[in-house]
K.L.:
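To start, I am sharing the structure in question, which I have written as structure tokens.
The shown structure was predicted, so the numbers you read here are calculated from the model rather than taken from an experiment. We use all heavy atoms of the structure for the numbers below, so side chains are in, but hydrogens, waters and symmetry mates are not.
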Amino acid sequence: MVFPVLECFHILGFILLAGSIALVDFRLLGGLMPDQGTAELSVDAAPWTLIGLALVTTSGSLLFASDPDHYYLNHAFQFKMGALLLAIAFHYTVHGRVVRPGASAGSGKLAACLSLALWASVIGGGIFIGFVNGPQ
Amino acid sequence: MTPVLSFAQWLQYTDWAAALRYSATVYPLVLTLHMIGIAFFGGMILFTNLRLLGWSMRRLPVSKVIGALRVPKYIGFTIVITCGILMASSKAEEYYYNWFFWTKMSLLALIAVHGLVFRRSVYRGRLDPAPSQAKLAGSLSLLLWTGVMICGRGIGYIEPPLEKLHALAWFPWLTRFCAWL
């Protein structure tokens, strides 16, 4: 009962996390609210990104703690953790820079694509944890 | 046998649905796309609701936020529902016995009703909605979508009644064994 409830918090968390980042990425790509400043939109998104990050890391650590041996040897899990660290690092360095008013549109588009690809990899890695290395 | 059950059996045993069910790579890839769609575009629904509740982007009018997020929401919905139909088809007969699945479908139907009920007052109004209406629509939407998310996760936790499954009718001894278990 605890595990599925934690999973629900995990899903809610990554919707907040990846959804709020995707909002800014879609703006960087030019499709969403083109008349709004990217900087303002990223300020709107930032607190929800943090709440999401807190939710996924808390629920994720507890899910991991339920069976560490199963997870740390799982290749999908290892891939996911690598992608997650990269994605977080990217978000709080490069991504934070391209949303500033002076940044070029080209670098913004490239950063948005990379950001979406990184977060998609994290989600994909998470799904595949249940499908690799034999039965659960 | 109900028409829904015979339809579910027919659907599950179409070539493509069976192939998807037994694929060790395509099925998780479809699920991955389903979840990526939920994360990126469910976020758009979330921000629409957060604005309706007045918790985010308050400097922008409600109607502007709804309008700007409408197209990405539709794109996401198409991706998520396509993947969802593919996965549900591949396990149609099992899901027929899954009450989480039917609750999820009912909640999705309620969300459609919600969209129609608040269409003029909130979602497609010419003017910004009254704050009370906006808050009501936003909180109902958040509740319903949270329910959909919980039921979606719950689907995977319901064991299908093996003795009733058509698939196993081909192997009478296995059916008996499962019933014995």
K.L.:
Contact part of B:F40 toward chain A, heavy-atom cut-off under 4.5 Å: side chain, backbone, both or neither?
P.N.:
both
K.L.:
Can you tell me which of A:I21, A:I127, A:V5, A:V122 forms the most heavy-atom pairs within a distance under 4.5 Å of chain B?
P.N.:
A:I127
K.L.:
Can you tell me which portion of B:T146 sits under 4.5 Å from chain A's heavy atoms? Options are side chain, backbone, both or neither.
P.N.:
neither
K.L.:
I'd like to know which of A:A18, A:G125, A:P34, A:G126 tops the heavy-atom pair count under 4.5 Å against chain B.
P.N.:
A:A18
K.L.:
Parallel, tilted or perpendicular, judged at 30° and 60°: which one describes the rings of A:F77 and A:Y71?
P.N.:
tilted
K.L.:
Looking at chain A, which one of B:I45, B:L31, B:T25 has the largest number of heavy-atom pairs inside 4.5 Å, strictly under?
P.N.:
B:L31
K.L.:
Sub-3.5 Å donor-acceptor pair from the side chain of B:R51 to the main-chain atoms of B:M57, do we have one?
P.N.:
yes
K.L.:
Keeping the roles fixed (side chain from B:R21, backbone from B:S90), state whether a donor-acceptor pair exists under 3.5 Å.
P.N.:
yes
K.L.:
Against chain A, label B:M44 side chain, backbone, both or neither, depending on which of its atoms sit under 4.5 Å from a heavy atom there.
P.N.:
side chain
K.L.:
A:E40 versus chain B, heavy atoms under 4.5 Å apart: side chain, backbone, both or neither?
P.N.:
both
K.L.:
Report the option among A:F128, A:F26, A:W119 that has the most heavy-atom pairs separated by less than 4.5 Å from atoms of chain B.
P.N.:
A:F128
K.L.:
Going by atom types alone, do A:Q78 and A:H75 pair a side-chain donor with an acceptor below 3.5 Å?
P.N.:
yes
K.L.:
What part of B:R59 gets within 4.5 angstrom of chain A, counting heavy atoms only: side chain, backbone, both, or neither?
P.N.:
side chain
K.L.:
For B:Q12 and B:Y96, does a side-chain donor sit closer than 3.5 Å to a side-chain acceptor?
P.N.:
no
K.L.:
Counting only heavy atoms closer than 4.5 Å, note whether A:L16 contacts chain B via side chain, backbone, both or neither.
P.N.:
both
K.L.:
With a 4.5 angstrom heavy-atom cut-off, could you sort out which part of B:P28 is near chain A: side chain, backbone, both or neither?
P.N.:
both
K.L.:
Quick one: are B:F41 and B:I79 in side-chain contact, heavy atoms under 4.5 Å?
P.N.:
yes
K.L.:
Please rank A:L32, A:V43, A:D25, A:L41 by heavy-atom pairs under 4.5 Å with chain B and give me the top one.
P.N.:
A:L32
K.L.:
Chain A heavy atoms under 4.5 Å from B:L29: which part of the residue, side chain, backbone, both or neither?
P.N.:
both
K.L.:
Heavy-atom count around B:F100 CZ within 6.0 Å, excluding the residue itself: above 12?
P.N.:
yes
K.L.:
Side chain from CB out, backbone as N, CA, C, O: work out which of these in B:L46 comes under 4.5 Å of a heavy atom of chain A, or both, or neither.
P.N.:
side chain
K.L.:
Looking at B:K64 and A:D35, is any side-chain nitrogen of the basic one under 4.0 Å from a carboxylate oxygen of the acidic one?
P.N.:
yes
K.L.:
Which bit of B:L50 is near chain A, if near means a heavy-atom gap under 4.5 Å: side chain, backbone, both or neither?
P.N.:
side chain
K.L.:
Please name the pair of heavy atoms, one in B:N49 and one in B:S141, separated by the smallest distance, quoted to 0.1 Å.
P.N.:
ND2-OG, 3.0 Å
K.L.:
Can you tell me which portion of A:F14 sits under 4.5 Å from chain B's heavy atoms? Options are side chain, backbone, both or neither.
P.N.:
both
K.L.:
Let me know if A:L17 has heavy atoms under 4.5 Å from chain B in its side chain, its backbone, both or neither.
P.N.:
neither
K.L.:
Applying the side-chain contact (heavy atoms from CB on, under 4.5 Å) criterion to B:F77, which one of B:I75, B:I81, B:V80 satisfies it?
P.N.:
B:I81
K.L.:
Any donor-acceptor pair under 3.5 Å linking the side-chain atoms of B:R120 with those of B:Q133?
P.N.:
no
